[in-house]
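Here is the structure we will look at.
For this chain, numbers begin at 1 and follow the sequence in order. In each ligand, atom 1 is the first atom listed, and ligand 1 is the first ligand listed.
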Amino acid sequence: ADRAFVVCTQLINGPNLNLLGTREPEKYGSQTLSDVITQCQSTCTELGLHLETFQSNHEGHIIDRIHAVLGRAQSTFLVMNPGAFTHTSVAIRDAISGVQVPVIEVHITNVHKREAFRHHSYISDIAVGVVAGFGTYGYEAAIRLAAQHLLPSSNKV
Ligand SMILES: O=C(O)[C@@H]1C=C(O)[C@@H](O)[C@H](O)C1
């Protein structure tokens, strides 16, 4: 049989998301980043997807992680919460465009109900779609949406 078409989910979280669980829990919830990763792993196992995770507070490190997908962009999708870089980073936008990898943008909060400076994203118009306002469930939802919308039917379980 030909090699199974492994689809890799790259979960990328940006700045301050390492503080999940203690950072403004009334906005971002009480789940830790570790809890989120555990839930995403369970969802990926259920859907037959491989999961890699990354979190950084440094813009360039996030860019390097996106570049690392080069060469396997055809079998990868990003589930990405860029944090505050959502609203500031042309560089992260350009990295995504440069690697041509599908991205589902995730925000724990509904950024459109918050300060005006959070209403613009440098990522949304080049993303497959955006999940915002559903708390940390948004990460699992993004993986499920990717499995429905991005994977060839042969990969659907
Ligand atoms: O809702 C979230 O997950 C996003 C997370 C952050 O850290 C903020 O800077 C964004 O503005 C919103």
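With hydrophobic clusters built from ILVMFWY side chains whose heavy atoms lie under 4.5 angstrom apart, F77 does not share a cluster with L70.
Listed by chain and residue number, E59, I63, S89 satisfy the side-chain contact (heavy atoms from CB on, under 4.5 Å) test with A91 (two or more places apart in sequence, or in another chain).
For residues 20-57, there are no ring pair (Phe, Tyr, Trp, His ring centres under 6.0 Å) pairs, not counting sequence neighbours. Sorted by first and then second residue, the salt bridge (Lys or Arg N to Asp or Glu O under 4.0 Å) pairs with a member in residues 8-26 read E24-K27; sequence neighbours excluded.
Classified by interplanar angle (parallel below 30°, tilted 30° to 60°, perpendicular above 60°), the ring pair H87/H107 is parallel.
The distance between the ring centers of H120 and Y122 falls below 6.0 angstrom.
Within 4.0 Å of ligand 1, protein heavy atoms belong to R23, Y28, N81, G83, A84, H87, H107, I108, T109, V111, R114, R118, listed by chain and number.
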